[in-house]
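Chain naming here is simple, since letters A, B, ... match the order of the sequence lines and numbering starts at 1 in each.
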Amino acid sequence: MKKLIAMLLALVMVLGLAACGGKTEAPAETKAAAAPAETQAADAPAAAGRVYYLNFKPEADAAWQELAAIYTAQTGVEVKVVTAAGGNYSDTLNAEMAKSDAPTLFQCGNAQGLADWNDYCLDFTGTKVLDEMTTSDFNLVDDTGAVKCIGYCYEAFGIIVNKALLEKAGHSLDEIKDFASLKAVADDIHARAAELGFDAFSAAGLDGSSSWRFSGHLANMPLYYEFRDDGVTKQPATITGAYLDNFRNIWDLYITDSATPAASLATSTGDMSEAEFGEGKAVFYQNGTWEFANLVTDDTKNFHMNPDDLAMIPIYCGVDGEEKAGLACGTENCWAVNAKASQEDIDATLDFIYWVVTSDEGTKMMAEQFGPIPFKNAKESENVFFNDANAYMANGNYTVTWAFNHTPNVDSWRATVVTALNDYSVAPSDATWAKVVEAFVDGWAYEYNMAQG
Amino acid sequence: MAKMKKEVNLVQRPIRKFAPVFILPTFLAFIIGFVWPFIQGIYLSFCNFNTPQDAQWVGLANYAKVFADPGFLNAFKNTAAFAIVSIILINVLAFTIAYALTQKMRGSNLFRTVFFMPNLIGGVVLGYIWSMIFDGILSKYGTYLTANGTYGFWGLVILVAWQQIGYMMIIYIAGLQAVPEDMLEAAKIDGATGCQTLFKVIIPNVMPSITTCTFLTLTNSFKMFDQNMALTGGLPSIMSNGGKINVTELLALNIYSTYNINKKWHGVAQAKAVVFFILVAVLAIAQQAATRSKEVQQ
């Protein structure tokens, strides 16, 4: 009897396992059944492969999912879009690439990314999508001259200005031509902050959610001018920090002409700074073109600023000739196609991105999400910051390129700069500034050596 | 008697027979999820790799780099200091609270529940919450948590003590309740003072709980990762003697950040992980042996 029960138990368990197996098979079957129907609908480029896009911009996830669904409906090609959680892109990429079902399309945005993933990056030379591009400025090219990553959009950063508040304080944008005039305006607003009800700069927060604006973007200014003088085009092993006094100028301005006390900068977040500007408590806010949606259209943020009140000006820091500066334009948004994917998948992926940058649906989404894209069929953008960026270029101002893309071990380098900036902000002195210089210059050399292995 | 024994066998025999069938699924999961990655991990520590598929054998080069890294040595010192402080603090406090709560007092069940509750919150969440608490307090004094290594270190100690004391307390309560009443009574009759009872009767009898709790706090301290990452993330990060140190980084976080430098460091991080494993294993075994020997047989 007991033996029978045990046998029964074992039998039940084996059946249970079989049932589990059956369940996992079920979706596969339905997929297989649906596939022929889909391919029938596809008269256009009926590729046998599939597309797996590992997206790194969480804010664009919904738009990509929608676009993928449209493409699948039109062509029958399966497009899977997975978005890495904010800040986790490189971990996710590492994990996903190790799988047999690896991404066919991914982002590889700077020299370090290309160095890490070069083996996995397909050479775009001769592809249809490359012919559609209007500029090669944002592409990444490896040592052999092969185009490995294409910049599918660009971004610009600078100082965002609330023109309405500026006028209320009795100033206008025309006054600001260089660092001296910016400082004069900011100092005046800060001095009258209590009376005006707003201050000059929103908090230069050094919390992790905000510090990249300074250790990354603001630090780009001294790096850019140094590299321009020295003709640096590749990642240098060392830097001199020749323009760090200018960095100190602008940083002093940020932390002095602001309502936030320096000691609380370490815990001041990006959202706090954004809200300060969005709610009209600060005239200046250093950030980029991507902020347009947050400040103007995003209902969850609820700032709903008037686009006509907004402008973006270059970050002035007291460098000779900077009145001819434009905005800092560049990109880390570069597509790479997985060269280790099957040929069908590679073809399907190339077809997909070609469609994204040429079709009506694709270019519309790209314009909405990423602004003007460097492709022939690009649609106009409503983003006033891009119009400012273009206006500076049209006026013949020099574009400040993204020199920080050369930063070795970027996260580690920035962490040390942020630590030093924090110490300096709490107790500004030449001694604490020396630590910032050390983090900048010695930190660069150290990280460069680390990156070489 | 003999008949009974036979009956037991009648029940057990078929179960024994089918034991492999019952064990198989878990065993397979264990192989796939633990044994195989462990072996592969050791293999990868001798390789340069980006993804495990393109591993290239480099011998002991990764291990040489591990011991040349000032960040790793700093993390080791931090971890050792953290382990010592937290083992003492957590166990002393947990035992004290357990001792207090096994005395007959009103609401002791409520207290036990409340003290245990911090355990139910995940480490990352705790890290972020406590970083806000510490920063909130420190901002009153014009400073912040990542201003220096001392704040970060003691912040982590407080956080982890707060989280783990309740858990260890439960283990100690179970141990204290198992101390035979007659022994305590005998001690009382013999005229032992409270102190003597505690050190000569109670503590030797709860030695198994002390073994368990010190083992748990030791391994927990060495494996500490989420709280460390969420509380300070290893910051502040400073240059020192041409090298770079994340002042409040513990070993596990150091391994993680090494891996994230770039693909040339994946193998080094893997080697650190192997060193780390050996270290934790040796310490844990040594500690077990040391405290086990002090346990009394009842």
Does any heavy atom of chain A fall under 4.5 Å from the side chain of [X], the backbone, both, or neither of them?
X         : value
Leu235(B) : side chain
Tyr141(B) : neither
Tyr256(B) : side chain
Asn148(B) : neither
Asn48(B)  : neither

Looking at [atom1] of [X] and [atom2] of [Y], how far apart are the two atoms once the value is rounded to the nearest 0.5 Å?
X         : Y         : atom1 : atom2 : answer
Ser237(B) : Arg414(A) : OG    : CZ    : 13.5 Å
Tyr120(A) : Asn50(B)  : OH    : CG    : 6.0 Å
Glu447(A) : Ile261(B) : CD    : CD1   : 7.0 Å
Lys435(A) : Met239(B) : NZ    : CE    : 9.5 Å
Asn118(A) : Lys263(B) : CG    : NZ    : 7.5 Å
Asn94(A)  : His266(B) : CG    : NE2   : 4.5 Å

Counting heavy-atom pairs under 4.5 Å with chain B, the top scorer among Thr267(A), Asn422(A), Asp442(A) is Asn422(A)
Which region of Ser264(A), side chain (C-beta onward) or backbone (N, CA, C, O), has a non-hydrogen atom less than 4.5 Å from a non-hydrogen atom of chain B, or is it both or neither?
-> neither
What part of Ala420(A) is in contact with chain B, defined as an atom under 4.5 angstrom from a non-hydrogen atom: side chain, backbone, both or neither?
-> neither
Could you go through the side chain to side chain contact (heavy atoms under 4.5 Å, CB included) check for Ile238(B) and Thr419(A) one step at a time?
-> CA-CA 7 Å; Ile238(B) 55 160; Thr419(A) 298; 4.2 Å; yes
Report, as yes or no, whether the 6.0 Å neighbourhood of atom CZ on Phe76(B) holds more than 12 heavy atoms from other residues, nucleotides or ligands.
-> no
Side chain of Trp265(B), backbone of Ala451(A): donor and acceptor closer than 3.5 Å?
-> no
In sequence, state the C-alpha distance, the side-chain angles, and the governing distance for Asn260(B) and Asp91(A), and then conclude on side chain to side chain contact (heavy atoms under 4.5 Å, CB included).
-> CA-CA 8 Å; Asn260(B) 284 333; Asp91(A) 289 350; 3.1 Å; yes
Check each of Glu96(A), Lys340(A), Met97(A) against Thr51(B) using the side chain to side chain contact (heavy atoms under 4.5 Å, CB included) test, and report the only one that passes.
-> Met97(A)
Pair Asp207(A), Tyr144(B): side-chain N/O donor-acceptor within cut-off below 3.5 Å | no
